[in-house]
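Data block below; observations after.
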Protein chains: 2
Amino acid sequence: MAGEATRAAILDAAERVFADRGFDGATMRSIAEAAGVNQGLIHYHFDSKERLYGEVFARRAGDINDRRIERLQWLFAEAQPGVPPLEKVIEALLRPTIELGRDPARGGRHYAKLLATAANATDLRSIRLIRRQYDGIAAQFIDAIRRVVPGISRADAVWGYLSAIGIAIPLMARTGRAAELSDGACDDEDVTSVLERTILFTCAGLRALGRTTDRDFRTHPQEAI
Amino acid sequence: MAGEATRAAILDAAERVFADRGFDGATMRSIAEAAGVNQGLIHYHFDSKERLYGEVFARRAGDINDRRIERLQWLFAEAQPGVPPLEKVIEALLRPTIELGRDPARGGRHYAKLLATAANATDLRSIRLIRRQYDGIAAQFIDAIRRVVPGISRADAVWGYLSAIGIAIPLMARTGRAAELSDGACDDEDVTSVLERTILFTCAGLRALGRTTDRDFRTHPQEAI
DNA sequence: GTCTATAGTTCGATAGAC
DNA sequence: GTCTATCGAACTATAGAC
């Protein structure tokens, strides 16, 4: 059954081309060329460009989110009857994606670029796609943050979650911007170092939100800034 | 001289259409229609789609960055011989963009969406464009962070700056995701509230980076996480 | 399943009247 | 400056042979 291998080759090629040029910038011709097949065959396997795009996401997102949830549930199970440290929760959220973008063996690097682009894109197609794939996991981690950070409000847990994701997204894309702005002092590629700094930064931010209630903001807006 | 008004109308329309559909998704036809002019006139004023895109960015980026630098220099001048609080520095960085995206009177909302999309895009066109417009300001704020956060390394200042920007970018786009994930508890549109939380979160993260040196990371990677 | 060939659109850009 | 009209190229998708 050569069909499955062909499907995978097309998905790999599409992932790479979509990552480099975006949905509208990518062409079925260039994807076909990159996959070493002809254009008609892509339509045979995936119907339309739109569906192909969706399948590229679905293939990876399921895997990553499974690993995140697995880590998260294991953390809470092991910490019974207490709760795990915040650092571990944030690590469970961020490590799978950061690692995927830096895995030299697999094509995940391209998916990481693609996801980084789509996550902040404002066109309806991207927004719907991201929501479908990632809103479920967001709810679970927001809930976990609330259980682990004492005194944090629901709203602050949501803001904190979105901040963590906001920090992590450009890291996934490995733009090399940190290395550039630091004349090489920052190493984009070092998973351990990147992850440690991100976790440190994010947890400090979340705990600060937990220490400050909403009423403080509203009552003393001038002093709060 | 109706030419200038026409130019502005085309730029406004292009800003809106590019923000909604991206560079490749936007068409010269749709921009012309949105501007109330014909397609040929756009080429008369801006030569090509590529140049039009560049001019849309240049028009706003200069203005925003001027306001950021103005605030920053004023802060340091006023604090002499000391330095201003970190909170003020981060506010100077973030307020102009957050406000622009929420200004109901001007078209800045569309530019904010456009910038959010381009900032994390991985195609070469977007990367070059962002670097040209924003690398200069980045260097100045990284320098300011180093002067204001005691004990922070240059690398951590760069990571911290990029984290702050990473958090702010999705806020600019006003996707409504926070409101959605919190069942309305978070208000994306409230500039004051968004800015206060972001500043609180970011400053806590930066100070945490300042307290932890690089050597700690490398020596005890297990405990650090 | 995989190919070639092409239909049917839509694109960016230009020529030329006014 | 602004318009109409259109060129040539590129696009997605499909039809049909093998």
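Side-chain atoms are counted along with the backbone in the values below, which use heavy atoms only and exclude waters and symmetry mates. Computed from a predicted model, the values in this text were never measured in an experiment. Chain letters run A, B, ... following the sequence lines, proteins first, then strands; residues in each count from 1.
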I want to check something: taking the side chain as every heavy atom from C-beta on, are A/Lys113 and A/Met172 in contact at a cut-off of under 4.5 Å? no
Check A/Glu55 with A/Lys49, please: is the shortest side-chain N to carboxylate O separation under 4.0 Å? no
So the ring-ring contact (aromatic ring centres under 6.0 Å, His included) pairs with at least one residue in residues 162-198 of chain B (sequence neighbours excluded) are none
What residues 19-26 of chain B contributes to the DNA chain C interface at heavy-atom separation below 4.0 Å is B/Ala26
Aromatic rings A/Tyr161 and A/Phe141: how do their planes relate, parallel, tilted or perpendicular, breaks at 30° and 60°? parallel
Taking side-chain hydrogen bond (donor to acceptor under 3.5 Å, both in side chains) as the definition, give me every residue that meets it alongside B/Arg154, ordered by chain and number, with sequence neighbours left out. A/Asp183
The ring pair (Phe, Tyr, Trp, His ring centres under 6.0 Å) partners of B/Phe46 (sequence neighbours excluded) come to none
Summary of ring-ring contact (aromatic ring centres under 6.0 Å, His included) pairs that have at least one residue in residues 174-203 of chain B, sequence neighbours excluded: none
Please tabulate the protein-to-nucleotide N/O contacts below 3.5 Å involving nucleotides 16-18 of chain C, giving atom names and distances.
none

Run the salt bridge (charged side-chain N to carboxylate O under 4.0 Å, His left out) test against A/Arg16 and tell me which residues pass, sequence neighbours left out. none
Selection: residues 27-41 of chain A, any non-hydrogen atom under 4.0 Å of DNA chain C: A/Val37, A/Asn38, A/Leu41
Polar side chain donor-acceptor pair, B/Arg174 to A/Thr122, under 3.5 angstrom: no
ring-ring contact (aromatic ring centres under 6.0 Å, His included) pairs touching residues 91-119 of chain A, sequence neighbours excluded, are A/Phe57-A/Tyr111
Strand-adjacent residues in residues 42-55 of chain A, judged by heavy atoms under 4.0 Å from DNA chain D: A/His43, A/Ser48, A/Lys49
Partners meeting side-chain hydrogen bond (donor to acceptor under 3.5 Å, both in side chains) with B/Arg146 (sequence neighbours left out): none
Could you list the residues that satisfy side-chain hydrogen bond (donor to acceptor under 3.5 Å, both in side chains) with B/Ser182, not counting sequence neighbours? none
